[in-house]
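Structure record follows, encoded as structure tokens.
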Amino acid sequence: MDGRWDMETLEDALDVLSDLPQWRLPAPHWERIGPILDQMGQAFEAGDDEELRDATTQLELYGPVRANRIGTKDVDGPDPSVTERQNRLVDEIGKVVPTRSASRSRDQDGGRDDRPAG
């Protein structure tokens, strides 16, 4: 890796990671998510876009829209170890995508940029 990230990969990872705390899944699915988060962390640390993209796709496949059968009742939210890993990844990746919150606020205010001209 040459130190330059594919921003779309990072933004996709952040989107999925940001949704994860609201997921409600069967316990066996949560057991598989921990290792995927570890894989994402290792890929990010190594600067490996492709591996991060692959791990993000795996995580998306375990999301409730795809993983839960209709009528699934025995579901839980993430346990603290999953949440801790998720938070750490959001923080680390968020440092590389600093314009994420700025672009969202511009989207919300109709694209105005209220920064003083300088």
Side-chain angles (χ1 to χ4, degrees):
M1 182 75 200
D2 60 9
R4 290 178 292 200
W5 281 99
D6 170 32
M7 284 297 133
E8 184 176 353
T9 297
L10 295 178
E11 289 170 355
D12 287 349
L14 280 174
D15 285 343
V16 176
L17 289 166
S18 296
D19 290 343
L20 189 143
Q22 286 80 43
W23 290 1
R24 299 296 173 256
L25 302 171
H29 290 242
W30 283 119
E31 292 169 9
R32 294 183 184 115
I33 287 177
I36 294 171
L37 294 175
D38 293 340
Q39 180 183 359
M40 290 178 78
Q42 292 165 359
F44 181 76
E45 191 174 301
D48 189 336
D49 272 332
E50 186 174 335
E51 185 66 25
L52 182 60
R53 193 173 314 111
D54 290 345
T56 299
T57 299
Q58 287 178 41
L59 185 60
E60 287 175 322
L61 293 174
Y62 277 101
V65 173
R66 297 186 185 245
N68 290 348
R69 292 181 183 263
I70 294 174
T72 300
K73 294 181 193 227
D74 291 332
V75 295
D76 294 308
D79 70 43
S81 70
V82 168
T83 303
E84 187 268 326
R85 285 182 266 189
Q86 176 266 344
N87 285 332
R88 187 179 37 210
L89 283 166
V90 168
D91 287 344
E92 291 173 3
I93 296 171
K95 290 175 186 173
V96 179
V97 188
T99 59
R100 182 180 167 96
S101 61
S103 67
R104 281 190 176 167
S105 66
R106 278 195 303 275
D107 290 346
Q108 291 172 351
D109 72 6
R112 270 193 343 261
D113 186 352
D114 294 330
R115 291 177 291 176

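The heavy-atom pair separating P21 from P78 by the smallest distance is O-CD, 3.7 Å. Here the closest non-hydrogen pair linking L37 and L59 is CD2-CD2, 4.1 Å. The two residues A13 and M40 make their nearest non-hydrogen contact at CB-CE, 3.9 Å.
With sequence neighbours left out, E50 forms a side chain to side chain donor-acceptor pair (under 3.5 Å) with no residue at all.
Atom CD of residue E45 and atom CG of residue L52 lie 12.5 Å apart, to the nearest 0.5 angstrom. Going from atom CD1 of I36 over to atom OG1 of T57 covers 10.5 Å, rounded to the nearest 0.5 Å. Rounding to the nearest 0.5 Å gives a distance of 11.0 Å between CD1 of I33 and CD of Q58. Note that the OG1 atom of T56 and the CZ atom of R53 stand 9.0 Å from one another [nearest 0.5 Å]. Going from atom CD of E8 over to atom CG of D15 covers 10.0 Å, rounded to the nearest 0.5 Å. F44 CZ to K95 NZ: the interatomic distance, rounded to the nearest 0.5 Å, is 9.0 Å.
The number of heavy-atom neighbours closer than 6.0 Å to CD of Q22, taken from other residues, nucleotides and ligands shown, is above 12.
In this structure, V82 and L20 have side chains that are in contact, with non-hydrogen atoms separated by less than 4.5 Å. At a threshold of 4.5 Å between non-hydrogen side-chain atoms, the residues P35 and Q39 do not count as touching. Put simply, the side chain of V96 reaches to within 4.5 Å of the side chain of M7, judged on heavy atoms.
Although no hydrogens or angles enter the test, the distance criterion places a donor-acceptor pair under 3.5 Å between the side chain of D49 and the main chain of D6.
The aromatic rings of W23 and W30 are tilted relative to each other, their planes meeting at an angle between 30° and 60°.
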